[in-house]
Amino acid sequence: MLLTVLGCSGSGPGPEGPASGYLVVANGVAVTLDLGNGTFGALQRHLDPWALDAALLTHLHPDHCSDVSPLVVWRRYHPRPPFDALEQRLPVLAPAGAADRLAWAYAASRQELGETDLADVLDFRAITDGGSTAVETVTVRSALVDHPVEAYALRLEHGGRSLVYSGDTGPSAGLVELARGADVLLCEATWPHVIPGGWEEPPPGVHLSGRQAGEHAAAAGVGRLLLTHVPAWFSAADLLTEAKEAFDGPVEVVRPDASYEI
């Protein structure tokens with residue numbers, strides 16, 4: 001499997017790239033993990049969007065799903081489609097309610113919302129806690145994690161290799177179990193563990209610190225930790241240092257347009 005970072009800026013696009021979105025290709029099977037602000041443009045640098053086999057969404061905050069709208073425009077209005085997009089709808093694996101949430105994002109007005117149905121080109125399929133499904137030859141497993149909205153971590157398996165993506169989460173036993181023994185954990189590290197004048201411990205149920213990301217990687221026994229979702233207002237170097245203090249395996253912070261062999 002090859003993981004390519006379309007965007008990795010936490011909570012929204014940053015000065016160096018888009019919000020959260022990743023492309024995974026496994027022996028010709030191509031899926032996206034989230035499509036946050038700006039990621040659809042980045043996707044086109046790495047893959048013809050018509051070659052996507054599925055789009056996976058961990059949760060429905062805009063920095064993880066807003067670029068589903070341009071994906072719909074592409075599949076509806078491209079002047080030279082290679083196939084009938086109405087006959088070959090793109091599977092979208094996402095939390096329940098995604099069809100309505102993404103219709104609200106797509107429609108320009110309340111009146112248009114009443115006429116908006118993205119199911120003409122997208123095939124919505126709900127992911128669940130403990131669920132397992134397949135996209136061609138790639139197995140996708142999901143676990144509920146701890147975030148203010150319904151959110152999941154995802155585990156992709158192919159050819160004996162495994163990648164786990166945390167999505168957005170606070171400390172989560174479900175993430176540790178899903179990631180157990182994985183080759184790579186792509187894990188959010190949104191803020192420092194201690195903010196002088198702010199907190200001595202991060203607030204629960206929202207995001208992970210660099211230290212907590214390292215602790216999750218160590219508890220799960222993963223082979224490699226890739227940190228992501230660092231907002232523009234925090235230092236990636238500081239979060240990397242925290243993670244390395246908690247996890248003694250390979251650790252790095254991902255970069256837009258970089259690729260990683262799984």
Side-chain angles (χ1 to χ4, degrees), residues 7-12 14 19-22 33-34 36-37 56-66 94-98 101 127-131 141-156 163-182 184-222 224-236 238-247 249 251-254:
C8 53
S9 178
S11 303
S20 296
Y22 311 88
L33 303 177
D34 288 339
N37 322 63
L56 283 54
L57 301 176
T58 60
H59 67 293
L60 301 175
H61 278 148
D63 62 312
H64 291 256
C65 71
S66 66
R101 168 69 178 91
I127 56 177
T128 59
D129 187 27
R141 295 168 51 198
S142 51
L144 190 68
V145 291
D146 195 5
H147 199 52
V149 300
E150 182 181 357
Y152 295 90
L154 300 173
R155 180 175 180 131
L156 276 59
L163 164 68
V164 173
Y165 171 41
S166 67
D168 279 8
T169 183
S172 169
L175 172 59
V176 171
E177 287 305 311
L178 188 71
R180 195 165 301 283
V184 175
L185 172 59
L186 175 63
C187 189
E188 73 128 283
T190 298
W191 47 38
H193 198 76
V194 175
I195 297 181
W199 62 61
E200 294 300 315
E201 288 278 341
V206 186
H207 292 298
L208 295 174
S209 67
R211 172 177 145 187
Q212 289 169 328
E215 290 171 346
H216 280 61
V222 304
R224 183 182 184 190
L225 174 60
L226 299 177
L227 301 179
T228 190
H229 202 267
V230 180
W233 49 80
F234 286 127
S235 164
D238 290 347
L239 300 183
L240 178 62
T241 297
E242 285 190 11
K244 286 183 173 180
E245 290 173 351
F247 177 63
V251 189
E252 62 183 291
V253 179
V254 300

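Residue numbers count from 1 along this sequence. For clarity, every value in this text was computed on a predicted model and none was experimentally measured.
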Engineer: Can you check whether Leu239's main-chain N or O pairs, donor with acceptor, with Glu242's side chain at less than 3.5 Å?
Structural biologist: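 No, the answer is negative, given that no donor and acceptor are paired below the 3.5 Å cut-off.
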Engineer: Does a sphere of radius 6.0 Å around CD in Glu200 hold more than 12 heavy atoms from other residues, nucleotides or ligands, not counting ones at 6.0 Å or beyond?
Structural biologist: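 No, CD of Glu200 has 12 or fewer neighbouring heavy atoms, counting only those of other groups under 6.0 Å.
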Engineer: Less than 6.0 angstrom separating the ring centers of Trp233 and Trp191, yes or no?
Structural biologist: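 When the ring centroids of Trp233 and Trp191 are compared, they turn out to be at least 6.0 Å apart.
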Engineer: For the residue pair Val164 and Ala179, what are the closest heavy atoms and their distance?
Structural biologist: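 Smallest interatomic distance, heavy atoms only, reads CG2-CA, 3.7 Å.
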Engineer: Looking at every heavy atom in both Leu60 and Cys65, which two are closest together, and how far apart are they?
Structural biologist: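 Minimum heavy-atom contact is O-SG, 3.6 Å.
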Engineer: Under the side chain to side chain contact (heavy atoms under 4.5 Å, CB included) rule, what do Leu163 and Leu33 come out as? Steps first, then yes or no, please.
Structural biologist: CA-CA 11 Å; Leu163 164 68; Leu33 303 177; 4.3 Å; yes
Engineer: Would you name the heavy atoms of Ile127 and Ser142 that are closest together and state the gap between them?
Structural biologist: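 Ile127 and Ser142 have their closest heavy atoms at CB-OG, 4.3 Å.
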Engineer: Looking only at heavy atoms, which two atoms of Ala213 and Leu227 are closest? And how far apart?
Structural biologist: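 Smallest heavy-atom distance, with atoms named: CB-CD2, 3.8 Å.
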Engineer: Would you say the side-chain atoms of Arg180 pair up with the backbone N or O of Ala219, donor to acceptor, closer than 3.5 Å?
Structural biologist: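 Looks like yes, one N/O pair under 3.5 Å.
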Engineer: Does either side chain, that of Thr169 or that of Tyr152, offer a donor lying less than 3.5 Å from an acceptor on the other one?
Structural biologist: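 Side-chain D/A pair, Thr169 to Tyr152: absent.
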Engineer: Report yes or no: do Asp168 and His64 form a side-chain donor-acceptor pair below 3.5 Å?
Structural biologist: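 Yes, His64 and Asp168 have a side-chain donor paired with an acceptor closer than 3.5 Å.
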Engineer: Using modelled atom types and a 3.5 Å cut-off, is there a donor and acceptor pairing between side-chain atoms of Ser209 and backbone atoms of Pro192?
Structural biologist: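 Absent.
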Engineer: Is it the case that Asp34 and Thr58 place a side-chain donor and acceptor less than 3.5 Å from each other?
Structural biologist: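 Checked: Asp34/Thr58 side chains pair up, N/O donor to acceptor below 3.5 Å.
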Engineer: Do you know which two heavy atoms are closest between Ala246 and Ala218, and how far apart they sit?
Structural biologist: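 Closest heavy-atom pair between Ala246 and Ala218: O-CB, 3.6 Å.
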Engineer: Any chance the side chains of His59 and Glu150 put a donor and an acceptor closer than 3.5 Å?
Structural biologist: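 Result is no, nothing qualifies.
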Engineer: Should Phe234 and Thr190 be marked as a side chain to side chain contact (heavy atoms under 4.5 Å, CB included) after you check the CA-CA gap, both sets of side-chain angles, and the distance that decides it?
Structural biologist: CA-CA 8 Å; Phe234 286 127; Thr190 298; 5.5 Å; no
Engineer: Hey, does the side chain of Ser9 reach the backbone of Gly14 with a donor-acceptor pair shorter than 3.5 angstrom?
Structural biologist: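 Yes; judged by distance alone, with no hydrogens or angles, the pair exists.
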Engineer: Assess whether side chain to side chain contact (heavy atoms under 4.5 Å, CB included) is satisfied between Thr228 and Val253, documenting all intermediate values.
Structural biologist: CA-CA 6 Å; Thr228 190; Val253 179; over 6 Å; no
Engineer: Do the side chains of Tyr22 and Cys8 get nearer than 4.5 Å, heavy atoms only?
Structural biologist: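 They are in contact (side-chain heavy atoms under 4.5 Å apart), so the answer is yes.
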Engineer: Do the side chain of His216 and the main chain of Ser172 share a donor and acceptor less than 3.5 angstrom apart?
Structural biologist: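 Yes, the answer is positive, given that a donor and an acceptor are paired below the 3.5 Å cut-off.
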Engineer: May I have the step-by-step check of side chain to side chain contact (heavy atoms under 4.5 Å, CB included) for Leu226 and Val184, ending in yes or no?
Structural biologist: CA-CA 7 Å; Leu226 299 177; Val184 175; 3.7 Å; yes
Engineer: Would you tell me whether His207 and His147 have side-chain atoms, one donor and one acceptor, within less than 3.5 Å of each other?
Structural biologist: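 Side-chain D/A pair, His207 to His147: absent.
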Engineer: For residues Leu208 and Gly170, report the shortest heavy-atom separation together with the two atoms involved.
Structural biologist: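 In terms of heavy atoms, the two residues are closest at CD2-C, 3.4 Å.
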Engineer: Taking side chain as C-beta onward, heavy atoms only, is Ser11 less than 4.5 Å from His229?
Structural biologist: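 Yes - at least one pair of side-chain heavy atoms lies under 4.5 Å apart.
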